[in-house]
Structures are given as structure tokens and as C-alpha cells.
Amino acid sequence: MKYPIPRGTFDILPESSYKWNYIESLFKDIAERYNYRRITTPIFERTELFERSVGNTSDIVEKEMYKFQDKKGRNFALRPEGTAGVVRSLVDNALASQGSLAMLWYMGPMFRYDRPQKGRYRQFYQYGIENIGSHHPFIDAEVISIGWVLLKTLGLKGFELQINSLGDDTDSAVYDAALISYFTPYKKSLCQDCLNRLERNPKRLLDCKVSTCKEIAAQAPNILEFLSDDNQQHFHLVQRYLKLMNIPFIINPRIVRGLDYYTHTAFEFVTDSLGTQNTLLGGGRYNKLVEQMGGKPMPGIGFAGGFERLMMVMEQEGCSFGKKPLPQAYFIVAGDVAQEPAIKLMQSLREQGIALTWNPDKISFKAQMKSADKSGATWTLIIGEDEVAASTVTIRNMETGKQQAVSISDTDIIAEYILNNK
RNA sequence: GUGGCUGUAGUUCAGUUGGUAGAGCACAGGAUUGUGGUUCCUGGGGUCGCGGGUUCAAGCCCCGUCAGCCACCCCA
């Protein structure tokens with residue numbers, strides 16, 4: 001290993017790339033089915049974009065960003081998540097304006113300088129959805145349903161949808177104050193992390209895994225009791241729409257997403273088969289973000305999920321990844337005289353859309369036959385001296401063992417054999 | 001950023017009380033003239049993650065380093 005791969009990154013090798021293609025195209029299909037269109041933004045942006053959107057106190061910005069300066073000293077960062085760039089583009093390009101929604105999907109690599117672990121990488125691949133321009137609770141439910149349909153269509157079983165509402169700024173501020181006054185008397189019993197959280201982001205305290213903190217947090221006030229009437233109503237409607245769509249969920253008032261821009265609805269699809277990194281897909285509303293990024297005030301909601309985790313759970317649950325791509329036909333070329341007609345026929349069949357291959361380095365007939373077998377192709381086309389003399393090609397079906405000579409000039413007939421598998 | 005475990009052929013691993021490496025699978029070739037998937041035979045491949053140290057001698061011991069895994073943390 002002269003040049004080891006960077007820590008926390010991985011290669012997607014040819015033998016498994018069809019699995020990635022499968023999941024990617026399934027996600028594309030589903031998003032397009034909901035009338036969402038693809039948006040692709042740069043994988044690096046000005047550092048401030050992430051600092052302002054994701055939030056200065058978030059771990060992502062504080063310690064997980066890949067930052068660099070370009071030759072003119074401008075500060076950039078590799079994107080740690082997708083929403084910031086999409087919102088930036090929306091503002092730049094006026095993608096949503098009074099009453100017209102922006103309905104967008106994206107996929108691509110994200111970067112976070114974290115310690116690698118199961119289901120956690122430094123360069124990882126996300127797919128995501130953003131719907132910007134509506135505050136209608138049905139949109140919340142629709143966005144959630146895209147995630148639901150995706151996981152279901154992939155064949156996953158052991159996952160659960162958890163939803164919560166974080167309310168708006170006012171609710172959130174009141175709730176934070178309530179948390180602070182609740183936890184302050186317990187200061188002596190809280191862990192160091194939680195003491196910090198208490199000052200910077202009290203909601204995170206609800207998530208602590210230290211048992212003493214957990215016990216204290218168990219009796220903490222519930223966010224849902226701090227929602228304004230409107231926000232309460234919004235949350236109820238989201239639930240109602242989910243029920244109409246037959247999407248099961250549970251309410252988890254402890255969902256606190258790690259990015260600061262979330263408001264109102266927050267949700268996660270979690271699985272029990274991934275160990276500790278169990279979030280398959282997470283998202284929520286961000287009704288202040290567009291304005292914060294310099295656009296006109298506009299509500300939005302979205303989610304993002306990680307491809308790696310999907311793959312892992314699918315492997316574990318034995319889900320299908322579609323068909324492994326195989327050549328339709330394998331060429332066996334025996335003897336020098338056969339080369340010229342073989343190459344001509346090969347080219348003509350490929351132009352007709354047939355996937356075929358050969359290995360000019362294999363010399364003996366038997367070696368080529370073995371290679372044909374291993375390739376997985378159903379058909380083998382054989383051209384040797386006999387065939388050249390008779391101007392034919394031998395077509396062999398590798399499953400049945402039947403074979404037949406066809407005139408080498410009848411490429412349509414040859415193609416038909418292969419395409420119709422007859 | 002912290003802690004624990006691990007690091008030997010392409011791969012999965014073995015390697016005895018320290019004496020300079022082995023197996024299965026995979027791969028390649030062959031078992032009489034142009035026919036694969038079973039079987040049999042043969043073969044190619046490893047500076048034992050990297051760098052130091054102890055020792056007459058280290059894959060085995062010690063230190064460092066890098067990487068992987070798991071957990072903390074955080075989240076996709």
C-alpha cells in the first residue's frame with residue numbers, strides 16, 4: 001500500500017457498483033414520481049454558508065468540517081450536508097417565488113471529519129429531498145412519505161418512523177428556558193458534556209446516554225407541551241395525513257436533530273440492525289433558513305439519508321439489489337483466420353445493442369470456454385476455422401448446451417437468438 | 001478528540017515455549033486433435049501494515065506510527 005486511501009473513505013468497486021446503481025435509480029424514480037427534479041450543487045461552498053445554516057454551535061461546524069483556502073485566500077469547506085448548498089442555489093437562482101414550490105432531489109458525496117465507525121465515514125454518500133415554499137402540513141407528510149416509500153420499496157423491514165415537533169423560535173426559546181430551570185438544580189449530577197449542553201443547546205441534553213443524566217432527563221418537560229396552538233395544530237395535521245397514507249409512526253419528543261436550522265416537524269427513520277449509528281434517514285422543517293440565507297422569507301422541509309447505511313441494512317436483511325449485470329454473449333475465437341470475421345461480427349452486434357465480450361489473451365479453446373462459462377453469459381458465439389470455411393458462426397446456449405450454425409452475414413438472426421433467448 | 005480489540009498470500013484464516021512462513025477458497029495451466037460448469041494433477045504469488053528496539057535469532061516480545069473494527073461522542 002504505497003498510497004493508502006484516506007482514512008474513513010472507501011472505493012466502490014466494480015463488483016458491487018450495480019448495487020449502488022440500483023439504490024440510486026430507485027431513489028430517482030421515486031422522487032421523480034412525486035414530481036421532484038434533480039438539483040446538483042458544488043461539493044464545496046464558502047465556509048460561512050455552513051456556519052450560518054448548520055449552526056456555529058453544532059458539532060458539524062465546530063469540529064467536523066474539511067476547510068481550506070484557495071489561492072486567493074478565500075475560505076471554503078467541503079459540504080458536510082446538502083441542504084445549505086441547495087438553499088443557496090435556490091436563493092441565487094430564484095427557484096421558488098410566491099406560490100410556486102421548489103421540489104428538489106439530490107445525491108452526492110458529503111464530508112465530515114469524524115472518527116470512522118460502522119455506518120460512519122468521512123466521505124459518505126447521501127440522497128436527499130427538499131421542498132421549499134409551502135408551510136402546508138401535507139407537504140410535511142408528503143416529504144416523509146417519500147422516505148417511507150423508498151425504504152419500503154427497497155424491501156426493508158426493521159425500521160421505524162419517529163416524528164416530533166420542535167415548534168418555532170418562540171416555542172423553542174420558552175422550552176429552552178424551561179429545560180434550563182429544570183436541569184439547573186441537578187447540575188452536580190450531570191456529566192460534563194451535559195453541563196456544556198445546558199448552556200449552549202439544552203435540547204441536546206435530552207439525548208444524553210449517561211445513565212444518571214438519563215434518569216434526570218426522564219422527568220424533564222416535554223417539548224410538545226410548549227407548542228403554540230398553531231404549531232400544535234400543524235403537528236396534528238401532519239399526523240392525520242400520515243395516517244391517511246397508512247404510514248405508521250411513533251411520536252418521540254426527544255428527537256433533536258443535529259443541525260440548528262430545524263423548526264416544527266422533525267423526523268427520523270431508525271433501524272435496529274445497524275448498531276449505534278441507527279439513523280437511516282432524517283429531516284425536518286426549516287422555516288427560517290431561506291430568509292437566513294438572504295432569500296425572501298420562505299418555509300421549507302426536507303430530509304437526507306445515507307446510502308452506506310441503506311446498503312448495510314439491506315445486506316443484513318437479505319434484500320434484493322436487482323440483477324447483477326452480465327454479458328449477453330461471449331465470443332470464442334479459435335485460430336488466426338477467425339479473428340477478422342469475429343471482430344466484424346462483434347462490432348456489428350454491439351452496434352445492435354448486444355452486450356458481449358471476449359478475451360483475446362486466452363488461447364486454447366478450452367480456456368476460452370471456461371472463461372465464457374465464468375462470464376455468466378447465456379450465449380457463446382464460436383468462430384473457428386470450420387466456421388470461417390463455411391461462413392457461419394456457431395451459437396451455443398450455455399444453459400441447455402444446444403448449439404447451431406448460422407450464416408455469419410445474418411446478423412439480425414444472430415441478434416434475435418441472443419435478444420429473445422430462444 | 002477518548003478508550004478497547006485487531007493488522008500474516010487476491011480472500012478467509014493457521015502459525016506451537018521467539019529459530020528467518022502454511023491451508024482452504026480464488027486465480028492460471030494441464031488431463032491426446034475445437035466445447036464450460038464436477039473430479040484429479042501442477043503452478044504463480046507474501047520485504048508477515050510501516051518504523052524503531054530487545055535478542056546470536058522475531059510473524060511471534062517492547063515502543064512508536066498508520067489503518068480497520070467496536071464503543072464514547074456525533075449523526076447519514
Side-chain angles (χ1 to χ4, degrees), chain A residues 1-10 13 15 54 57-64 79-83 107-128 147 191-194 196-197 201 204 207-211 255-259 268-271 274-283 302-313 330 332-335 337-338 359 361-389 394-403:
Chain A
M1 289 235 188
K2 260 190 171 157
Y3 304 101
I5 190 168
R7 185 162 202 201
T9 67
F10 55 93
L13 301 172
E15 60 183 11
V54 175
T57 63
S58 69
D59 279 28
I60 290 175
V61 166
E62 263 188 349
K63 48 193 192 194
E64 295 173 8
R79 62 182 184 194
E81 59 101 41
T83 304
M107 60 173 65
M110 306 294 165
F111 305 84
R112 259 123 91 163
Y113 190 92
D114 233 1
R115 185 116 172 219
Q117 201 183 315
K118 184 183 186 121
R120 192 168 80 182
Y121 303 92
R122 290 185 173 178
Q123 173 170 341
F124 57 103
Y125 296 84
Q126 283 192 333
Y127 53 90
C191 70
Q192 189 55 47
D193 285 338
C194 280
N196 293 334
R197 292 182 180 121
N201 196 336
R204 295 249 170 83
D207 235 11
C208 187
K209 274 140 196 158
V210 177
S211 58
I255 290 181
V256 185
R257 314 245 57 249
L259 290 66
E268 288 181 1
F269 285 89
V270 299
T271 173
L274 260 187
T276 171
Q277 308 295 319
N278 64 347
T279 305
L280 231 32
L281 183 162
F303 71 70
F307 280 110
E308 299 79 4
R309 292 185 186 180
L310 275 187
M311 307 253 319
M312 281 191 274
V313 178
Y330 191 99
I332 288 181
V333 183
V337 286
N359 184 345
D361 289 325
K362 299 275 184 213
I363 297 157
S364 79
F365 195 92
K366 183 167 261 176
Q368 294 192 61
M369 213 43 205
K370 277 190 174 178
S371 186
D373 183 47
K374 253 184 301 178
S375 79
T378 308
W379 298 91
T380 297
L381 301 180
I382 301 166
I383 298 187
E385 284 167 15
D386 297 352
E387 283 83 359
V388 172
T394 299
I395 303 186
R396 177 182 175 83
N397 184 310
M398 295 298 273
E399 281 157 19
T400 64
K402 285 182 187 162
Q403 60 185 47

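Note that the structure is predicted; figures quoted are calculated from it, not measured. So that the names make sense, note that chain A is the first sequence line, chain B the second, and so on, each numbered from 1.
- The salt bridge (charged side-chain N to carboxylate O under 4.0 Å, His left out) check on A/E268 picks up A/R257, with sequence neighbours excluded.
- Judged by closest nucleotide on RNA chain B, A/M369 is the one of A/M369 and A/E268 placed further toward the 5' end.
- The phosphate of B/rA28 (OP1 or OP2) has no side-chain N or O of A/K370 nearer than 4.0 angstrom.
- In this entry B/rG45 has no Watson-Crick or G-U wobble partner, no candidate having both defining distances under 3.5 Å.
- Side chain of A/R112 to backbone of A/Y121: no donor-acceptor contact under 3.5 angstrom is found.
- Under the Watson-Crick and G-U wobble criteria, each requiring two contacts below 3.5 Å, nucleotide B/rG22 is paired to B/rC13.
- With sequence neighbours excluded, no residue forms a side chain to side chain donor-acceptor pair (under 3.5 Å) with A/S58.
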N/O contacts under 3.5 Å, protein versus nucleotides 32-34 of chain B?
from   : atom 1 : to     : atom 2 : distance (Å)
B/rG34 : O6     : A/E385 : N      : 3.2
B/rG34 : O6     : A/D386 : N      : 2.5
B/rG34 : O6     : A/D386 : OD1    : 3.2
B/rG34 : O6     : A/D386 : OD2    : 3.2
B/rG34 : O6     : A/E387 : OE1    : 3.1
B/rG34 : N1     : A/E387 : OE1    : 2.7
B/rG34 : N1     : A/E387 : OE2    : 3.3
B/rG34 : N2     : A/E387 : OE2    : 3.0

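- Map A/Y125 and A/T9 each onto its nearest nucleotide of RNA chain B; the residue landing nearer the 5' end is A/T9.
- Listed by chain and number, the residues in a salt bridge (charged side-chain N to carboxylate O under 4.0 Å, His left out) with A/R120 are A/D114 (sequence neighbours excluded).
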Tabulated below should be each protein N or O lying under 3.5 Å from an N or O of nucleotides 69-73 of chain B; please produce it.
from   : atom 1 : to     : atom 2 : distance (Å)
B/rC70 : OP2    : A/K118 : N      : 2.5
B/rA71 : OP2    : A/Q117 : NE2    : 3.2
B/rC72 : OP2    : A/T276 : OG1    : 2.9
B/rC72 : N4     : A/R120 : NH2    : 3.3
B/rC73 : O3'    : A/R197 : NH2    : 3.3
B/rC73 : N3     : A/R120 : NH1    : 2.8
B/rC73 : N4     : A/Q117 : OE1    : 3.2
B/rC73 : N4     : A/R120 : NH1    : 3.3
B/rC73 : N4     : A/Q277 : NE2    : 2.9

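- Annotation: side-chain hydrogen bond (donor to acceptor under 3.5 Å, both in side chains) contacts involving residues 365-377 of chain A, sequence neighbours excluded, comprise A/Y330-A/S371.
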